[in-house]
Amino acid sequence: MNNISISKGKKIFFISDFHLGAPNYESSRLREHTIVTWLEGIMNDCDHLFILGDIFDFWFEYKYVVPKGYIRLLGCLARFSDAGIPITCFTGNHDMWMFDYLEKELNINIKRSPEQYLIEGSKFLIGHGDGLGPGDHGYKLIKKIFSNKFCQWLFARLHPNAGIGLANYFSKKSRLATGSSDERYMGDDQEFLMVYAKEQLTLHPIDFFIFGHRHLVIDRPLPNNSRYVNIGDWIKYNSFASFDGERLILSSNGC
């Protein structure tokens with residue numbers, strides 16, 4: 001279990017699901033500005049930054065090429081890193097093809113599956129949230145294919161103009177890119193991450209389950225005084241969570 005302490009007067013911040021690049025350059029650029037402005041505002045208070053996946057609507061690292069753009073966000077994260085603020089990023093279902101670029105350039109700790117953390121005596125389970133819990137077998141199969149090293153090698157044989165262009169085309173057809181989703185809370189017994197959290201509680205005690213992926217702001221009680229928190233997104237909610245060692249607070253920056 002990862003052990004994290006919080007400096008006096010500081011907080012840990014959790015943020016997720018920027019989907020930069022979707023649905024078009026103009027709206028993505030405005031969203032990036034909003035995110036960077038918020039990050040600059042919390043920098044002095046931040047002791048550790050957790051990004052819970054889907055920073056980009058598509059991201060694939062070739063050996064010598066990465067998707068262009070996002071320079072303002074990457075520059076802001078570089079300032080966090082240069083200031084000694086640790087950044088942990090969980091890959092999401094849209095940007096699972098992060099390899100070593102962000103680690104080398106920005107010293108970001110990349111995680112590919114949920115992990116447990118002990119933070120000031122409280123036990124956290126943190127991750128993006130995709131592929132967890134019951135059902136969604138089609139996506140789980142696709143994720144195995146996309147995570148396969150040989151399949152990644154095959155995709156990398158495509159010229160970046162073709163590979164990134166093709167992926168961006170299909171991304172724009174997705175429900176997130178078109179903004180046509182009608183997200184709703186399905187109920188405690190139907191929410192796959194709630195079911196997953198309850199299953200995990202039968203194996204070990206967890207105080208807080210922190211996920212993204214659902215694009216909803218959710219804060220629900222679980223057995224044994226545990227909580228399931230989904231921190232929403234920056235497409236609709238501009239939402240985030242913070243923890244000062246005692247209280248976990250789910251908030252919006254109001255933009």
Side-chain angles (χ1 to χ4, degrees), residues 12-43 46 48-62 65-81 85-115 126-131 143 146-147 152 163-164 167-168 170-172 174-177 179 210-217 230-241 253 255:
I12 291 177
F13 287 88
F14 304 87
I15 188 170
S16 185
D17 289 273
F18 306 163
H19 286 272
L20 293 179
N24 53 53
Y25 175 82
E26 291 76 16
S27 60
S28 174
R29 176 67 185 84
L30 289 173
R31 192 181 318 128
E32 183 182 16
H33 174 76
T34 299
I35 294 163
V36 168
T37 300
W38 178 81
L39 285 169
E40 290 173 342
I42 61 107
M43 186 173 178
C46 184
H48 195 128
L49 178 66
F50 281 90
I51 305 175
L52 305 192
D54 286 356
I55 299 176
F56 312 103
D57 204 59
F58 172 75
W59 180 272
F60 187 92
E61 294 175 22
Y62 291 82
V65 176
V66 297
K68 71 177 183 179
Y70 322 121
I71 192 65
R72 292 164 183 83
L73 174 64
L74 297 177
C76 183
L77 294 177
R79 291 193 293 275
F80 270 67
S81 181
I85 302 170
I87 304 172
T88 299
C89 179
F90 289 82
T91 57
N93 49 304
H94 281 253
D95 52 17
M96 68 175 69
W97 303 280
M98 291 180 181
F99 301 127
D100 63 358
Y101 177 72
L102 297 183
E103 288 182 328
K104 288 182 176 179
E105 293 297 322
L106 303 178
N107 197 33
I108 293 177
N109 189 13
I110 302 295
K111 302 290 186 180
R112 306 189 183 280
S113 58
E115 292 204 5
I126 304 170
H128 180 61
D130 62 309
K143 184 175 181 179
F146 286 171
S147 301
Q152 291 171 356
I164 294 174
N168 282 334
F170 284 108
S171 175
K172 289 178 181 179
S174 74
R175 90 187 142 81
L176 291 178
I210 312 293
F211 295 112
H213 185 56
R214 278 291 281 120
H215 293 257
L216 289 174
V217 180
N230 197 291
I231 57 177
D233 65 18
W234 284 69
I235 298 173
K236 294 182 180 179
Y237 299 104
N238 299 338
S239 49
F240 61 95
N253 78 340
C255 294

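Just so you know, residue 1 is the first one in the sequence shown, and it goes up from there.
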So, do [X] and [Y] sit near enough that their side-chain heavy atoms are less than 4.5 Å apart?
X    : Y    : result
I55  : M98  : yes
T88  : I51  : no
I87  : N109 : no
I210 : N230 : no
E115 : I126 : no
T91  : W97  : no

Closest non-hydrogen atom pair, [X] against [Y]:
X    : Y    : result
H128 : F90  : N-CB, 4.2 Å
L49  : I85  : N-CG2, 4.4 Å
G232 : S239 : CA-OG, 3.5 Å
L102 : I110 : CB-CD1, 4.4 Å

Under 3.5 Å donor-acceptor, [X] side chain and [Y] backbone:
X    : Y    : value
D233 : K236 : yes
T37  : H33  : yes
S81  : L106 : yes
S28  : G21  : yes

Residues in side-chain hydrogen bond (donor to acceptor under 3.5 Å, both in side chains) contact with [X], at least two apart in sequence or another chain:
X    : answer
E61  : W59
R31  : none
S27  : N24
K104 : D100

For residues 69-79, pull every pair meeting side chain to side chain donor-acceptor pair (under 3.5 Å), keeping only residues two or more places apart or in separate chains.
->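 Residue pairs passing side chain to side chain donor-acceptor pair (under 3.5 Å), neighbours aside: E40-R79.
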Run the numbers on D54 and H213 for side-chain hydrogen bond (donor to acceptor under 3.5 Å, both in side chains), then give the verdict.
-> CA-CA 8 Å; D54 286 356; H213 185 56; 4.7 Å; no
Taking only residues two or more places apart in sequence, or in another chain, which ones meet E105 in a salt bridge (charged side-chain N to carboxylate O under 4.0 Å, His left out)?
->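 E105 satisfies salt bridge (charged side-chain N to carboxylate O under 4.0 Å, His left out) with no other residue.
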With under 30° as parallel and over 60° as perpendicular, where do the rings of F13 and W38 fit, or are they tilted in between?
->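 It falls in the perpendicular class, over 60°.
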Is the centre of the F60 ring less than 6.0 Å from the centre of the Y62 ring?
->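 Centroid distance F60-Y62: below 6.0 Å, so yes.
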Between F240 and W234, does the ring centroid distance fall short of 6.0 Å?
->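 No, ring centres 6.0 Å or more apart.
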